[in-house]
Amino acid sequence: MNTTPSTSTSTSTSTSTFNGVPIQVPLEIITEEEMAFLEAALSSALPLFPPRCSSPSSLFRVAAIASLPSSPKSQSQPLRSPDIEDSTPPAPVGSLLHRFRSRRALAVTDITGSEWCEKQVEFGLLHGRPKRTAAMEAGSIRHAELEEEVVEKVEIQIKSIEESWALKFMNFMVGANQLLFEGLTRELPVIGVVEDTWMIGVIDELQMPVGESSLNPCLVDTKTRYRATIPSEAQKRNARLQLMCYKYLWDNLVVNDFPTGHFFDHFALNPQYVLSEDIRQYSSSLGFEAKTFEEVVSYFRNTCSMLPPSDEQLLLRYELQSDHSILEEYKFSFDANWFKNEIQKRLEFWRGEREAEYVSDAERWKCRFCKFSASCPVTLASSNKAE
DNA sequence: ATTGCTTAAAGG
């Protein structure tokens with residue numbers, strides 16, 4: 001018998017193994033504020049989680065990190081129900097979407113990446129992505145720190161694509177539960193269809209309002225900066241788009257029934273896949289008795305229908321990497337028209353309906369940070385223009 | 001195509 005996961009928070013990569021023992025979550029005395037919140041949540045009949053999961057005093061949410069030992073194998077798919085068909089159109093052959101994202105969904109950062117510069121995204125896909133910079137490294141470390149404040153991770157071996165999706169769904173359910181009972185969660189995975197395209201992302205932070213104002217969670221994204229400068233408009237616009245993607249995905253999950261059949265079909269997954277003993281025990285420790293992949297998705301679907309939509313106001317928080325001081329806090333509203341237009345524009349590029357667009361003249365400064373600038377036609381275009 | 005390879009997001 002192995003042990004429960006380590007409760008040590010000293011290292012950033014807590015790789016405590018999960019081996020069949022129900023996970024012990026640290027318990028704490030519940031405060032009056034938490035109790036008030038709990039009562040409010042219960043009276044609004046929002047969370048209906050199994051007892052194990054509904055402990056309001058859990059300090060951490062447990063998130064599963066998938067570790068894939070060998071090449072994943074799906075169990076042979078039995079009968080595909082004939083009435084369920086993939087409603088999303090196939091990516092045009094030869095498009096970047098088809099070549100690089102056909103077996104997995106487009107990521108929110110794929111959208112924001114192309115909003116920054118489509119040509120840079122294209123170069124990255126075709127010729128290899130640039131190395132991560134020191135600033136990116138520091139940003140990743142800071143985000144891991146923030147996540148560790150509220151999420152305890154356990155490592156779970158997965159044997160198939162179905163199991164990797166199952167963990168995503170379970171992490172969502174635990175995270176959503178944590179949001180309702182503790183008022184905050186971080187690094188929450190979301191998935192959905194945006195403009196006929198499957199999209200996935202990870203919400204940086206969700207918090208319930210502290211006052212009695214509303215029950216709508218607020219989406220937050222922390223951006224760390226290497227220098228103590230105010231972010232440029234292009235950077236803010238890019239981050240706004242990112243947050244709007246998350247809001248769209250969250251609200252979409254909450255308001256509409258998750259299209260289970262389309263999901264299985266689009267990603268060619270086997271709903272009847274029998275989960276490994278490890279995963280079933282992990283699921284059971286969360287309060288979900290699931291034997292097959294389909295059952296996990298079913299729990300996920302039910303969970304979504306009980307969640308509140310997010311606040312119209314979105315929050316961007318810029319902090320300095322050296323001392324975590326706040327450089328700027330920036331609230332803005334979801335703009336449905338702007339969002340839809342922006343998504344459609346970027347999807348045209350991903351679907352190969354048009355050539356990659358270069359940055360505008362006003363944002364040509366972006367090229368100074370791009371490792372592809374030397375071989376990019378945009379440089380030529382600008383020098384021609386100057387003559 | 002590959003930063004870390006299991007994925008997204010990391011910052012400009």
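In the text below, chain A, chain B and the rest are named by the order of the sequence lines, each starting its count at 1. Keep in mind the model is a prediction, meaning the values are calculated, not measured.
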Both A:W116 and A:L126 contact DNA chain B. Taking the nearest nucleotide for each, which residue is further toward the 5' end?
A:L126
Phosphate OP1/OP2 of B:dA9: any A:T109 side-chain N/O under 4.0 Å
yes
Ion pair A:R354/A:E118, N-O distance below 4.0 Å
yes
Spacing of A:Y226 atom OH relative to B:dG12 atom C1', expressed in whole Å
13 Å
Between B:dT6 (P) and A:F267 (CZ): distance, integer Å
19 Å
Can you tell me whether the side chain of A:Q120 and the base of B:dG12 have a donor-acceptor pair closer than 3.5 Å?
yes
So does A:G201 get a backbone contact from the side chain of A:Y246, meaning a donor-acceptor N/O pair under 3.5 Å?
no
Ion pair A:K345/A:E357, N-O distance below 4.0 Å
no
Base, sugar-phosphate or nothing for A:Q242? Non-hydrogen atoms, less than 4.0 Å.
sugar-phosphate
Value in whole Å for how far the C1' atom of B:dG12 lies from CE of A:M136
9 Å
Mind checking the P distance from B:dG11 to B:dT7? Whole angstroms is fine.
22 Å
Between A:R346 and A:E342, does any side-chain N to carboxylate O distance fall below 4.0 Å?
yes
Return the orientation label for the A:F334 and A:F339 ring planes: parallel under 30°, perpendicular over 60°, tilted otherwise.
tilted
Could you state the atom-to-atom distance from NE2 of A:H143 to C1' of B:dA10 in whole Å?
7 Å
What is the ring orientation for A:F258 with A:F300, classed by angle as parallel under 30°, tilted 30 to 60°, or perpendicular over 60°?
perpendicular
Would you call B:dT7 syn or anti, using the 90° rule around 0?
syn
Evaluation steps, side-chain contact (heavy atoms from CB on, under 4.5 Å), between A:I111 and A:V108
CA-CA 5 Å; A:I111 291 292; A:V108 167; 5.5 Å; no
Looking only at B:dA9, B:dA1, B:dA10, the nucleotide nearest the A:V108 side chain is B:dA9
Using a 3.5 Å limit on both distances, find every run of at least three consecutive Watson-Crick or G-U pairs that involves DNA chain B.
none
Against the side chain of A:R104, the closest entry in B:dA10, B:dG12, B:dT7 is B:dT7
Indicate whether OP1 or OP2 belonging to B:dA9 is found under 4.0 Å from a side-chain N or O atom of A:T112.
no
Could you state the CG-C1' distance from A:N238 to B:dA9, rounded to the nearest angstrom?
12 Å
A:Y246 OH to B:dA10 P: how many Å, rounded?
6 Å
Rounded to the nearest Å, what distance is computed from the OH atom of residue A:Y318 to the C1' atom of nucleotide B:dA10?
13 Å
When you measure from the side chain of A:D221, which nucleotide among B:dG11, B:dA10, B:dA1 comes out closest?
B:dA10
Counting only side-chain heavy atoms from C-beta out, which of B:dG11, B:dA1, B:dA9 sits nearest to A:R101?
B:dA1
Going by an N to O cut-off under 4.0 Å, is there a salt bridge joining A:D278 and A:R280?
no
Integer angstrom distance from the C1' of B:dA10 to that of B:dT2
15 Å
C1'-based separation of B:dG12 from B:dT6 [nearest Å]:
27 Å
On DNA chain B, more 5' by nearest nucleotide between A:R99 and A:K223 is A:R99
Charged N to carboxylate O under 4.0 angstrom, A:E147 versus A:R186?
no
Quick one: is B:dG12 close enough that its OP1 or OP2 comes under 4.0 Å of any side-chain N or O from A:R225?
yes
From the candidates B:dA10, B:dA1, B:dT7, the one with an atom nearest any side-chain atom of A:F100 is B:dA1
Whole-Å distance between B:dT6 P and A:I161 CD1?
11 Å
